[in-house]
Number of protein chains: 2
Amino acid sequence: MTGQSRLSWTDVRDEIQARILDRTYAPGDKLPRDNDLALGLGCARTTVHRAMQELSRIGLVERKRKGGTHVRTDPVTRATFDIPITRREVEQRGSKYAYQLISSAVEPTPGSVMARFGTPHPAEVLHVKALHLSDNRPYIFEDRWIDTTTTPDILEVDLACNSANEWLVRNKPYSKLDVRFFAINAQGENAEHLSVAAGEALLVIERTTWIGTAPITTVRSVTAPGYQLSAQN
Amino acid sequence: MTGQSRLSWTDVRDEIQARILDRTYAPGDKLPRDNDLALGLGCARTTVHRAMQELSRIGLVERKRKGGTHVRTDPVTRATFDIPITRREVEQRGSKYAYQLISSAVEPTPGSVMARFGTPHPAEVLHVKALHLSDNRPYIFEDRWIDTTTTPDILEVDLACNSANEWLVRNKPYSKLDVRFFAINAQGENAEHLSVAAGEALLVIERTTWIGTAPITTVRSVTAPGYQLSAQN
DNA sequence: TAGTGGTCTAGACCACTTA
DNA sequence: AAGTGGTCTAGACCACTAC
């Protein structure tokens, strides 16, 4: 931003991306070798490499040793979503956040949860249902299962005051994550807790986390009508 | 994989991530300086830096000049979704893909589309409706608007044979993307084309792309019941 | 087997930011 | 003002793979 004399790798990334966008390098084309690009741009090969690494990660180009770098012909649309802690999400919009524990009980693991965890072994799990509110209106109904083998501490937590969501996020880092989005029709407890008519279309976010191969928690967050998830890249 | 003697930056990344997961470095903790870590691990500072850059990108740590590196206390759940070309998605599942053009016409830009594009200027747009099928069953109903100022070539394309989706992906790289997910109740043409009962909950993927600030296309993809989007990290 | 990307190192200097 | 991350460079060697 201050008129550097040297090119940073982000500059190089942007320059090459620009050339791809304006078709200087068209889809399928082979790009010059890193070395030649570096020469042409007046920087070190390392710098070009770092830029290329990024373009490759994004999916714009494909790199192969000896094969060189090619502009991808069928770029996938890749979008990164941040799923924040619900309290934050609400508060950042300037709304008032509230949380209600609905139920909490240790139960044997149902088959559906075992399937999500991907473990054949039934374990003791804590089943927690809770409601997140925004400006006193139902916002997200959360149906969560927590593996008490992996996370025995959760049994000591007063879930009436602390959302399991937040406690886990702060205390149980995970190494593997699975996220799914889909739509369901409101019915039964979903409709009841979210105070919507049965049949209403609701977006569901289902998340499961593991540490190593050991399951931590799986949660189904049923959002209020109108809820959107968005990402900008 | 071949028992290198030297540490690669991915090794360093994994090592530090492991330390964070096992609480050697707990949330909120300050990590050693890059230099010290490098010394301890027996590699160059550059290598540690590259690893840290990645952990920072993922959202596991936060770095500040002079402030040092800290383990984030409230990690966001971050998931990257690849939204493939529909044909690919279907074929990769081993199903038969088919495509039907429903309508295609140049129309003045409706307000809703201008809002999505974020442009105050009405432009000429091509309005395309199409249906993607998987094993002869409706899969995705796509309602698309293409800016003919940015993309005049689209008018020459035979959309009865080629899906606008694919043509655009192959021929119109974008520099900016907006993606939204939400749920709607099937009704009207959505219900009709997808052959579902009115009221059924459907997942909608809405995508808008720009090149620079110029809009290219915006598309609302209404998916068949049961459709899921998933990501694993 | 030669060419190309992948990575490391060591040293240097810059830029931000907090103490 | 000093400390810490951010980045560049130049050179070296490695590893994969297309030719």
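This one's a predicted model, so the numbers in the text were calculated from it and none came from an experiment. Naming convention: chains lettered A, B, ... in sequence-line order (proteins, then strands); numbering from 1 in each chain.
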- Message: Under 6.0 Å between ring centres: does that hold for B:Tyr139 and B:Tyr97?
- Response: no
Atom NZ of A:Lys30 and atom C1' of C:dT4 are separated, to the nearest Å, by 8 Å
Ordered by number, residues from residues 43-64 of chain B within less than 4.0 Å of DNA chain D (heavy atoms) are B:Arg45, B:His49, B:Gln53, B:Arg63, B:Lys64
Quick one: is A:Thr69 getting a side-chain N or O under 4.0 Å of the C:dT4 phosphate, OP1 or OP2? no
By nearest-nucleotide position on DNA chain D, the 5'-leaning member of A:Gly67 and B:Gly67 is B:Gly67
To the nearest angstrom, the NZ-C1' distance between A:Lys66 and D:dT17 comes to 8 Å
Using a strict cut-off of less than 4.0 Å between a Lys/Arg side-chain nitrogen and an Asp/Glu carboxylate oxygen, indicate whether B:Asp34 and B:Arg63 qualify as a salt bridge.
-> yes
**Side-chain (A:Asp147) to main-chain (A:Val125) donor-acceptor, under 3.5 angstrom** = no
Does B:Asp82 pair with A:Arg78 as a salt bridge, N-O distance under 4.0 Å? yes
When A:Arg65 and A:Thr10 are each assigned the nearest nucleotide of DNA chain D, the 5'-most assignment goes to A:Thr10
Contact check, residues 31-39 of chain B vs DNA chain C, heavy-atom distance under 4.0 Å, returns none
What I want to find out is whether B:Arg57 reaches B:Glu54 closely enough, with some N-O distance under 4.0 Å, to be called a salt bridge.
yes
Next item on the list: Output yes when A:Asp178 and A:Lys176 qualify as a salt bridge under the 4.0 Å nitrogen-oxygen rule, no when they do not.
Entry: no
- Query: Going by distance alone, is a donor N or O of one side chain under 3.5 Å from an acceptor N or O of the other, for B:Ser134 and B:Arg93?
  - Reply: yes
Legend entry - Aromatic ring pairing B:Tyr99/B:His132, orientation class (parallel under 30°, perpendicular over 60°, tilted between): tilted
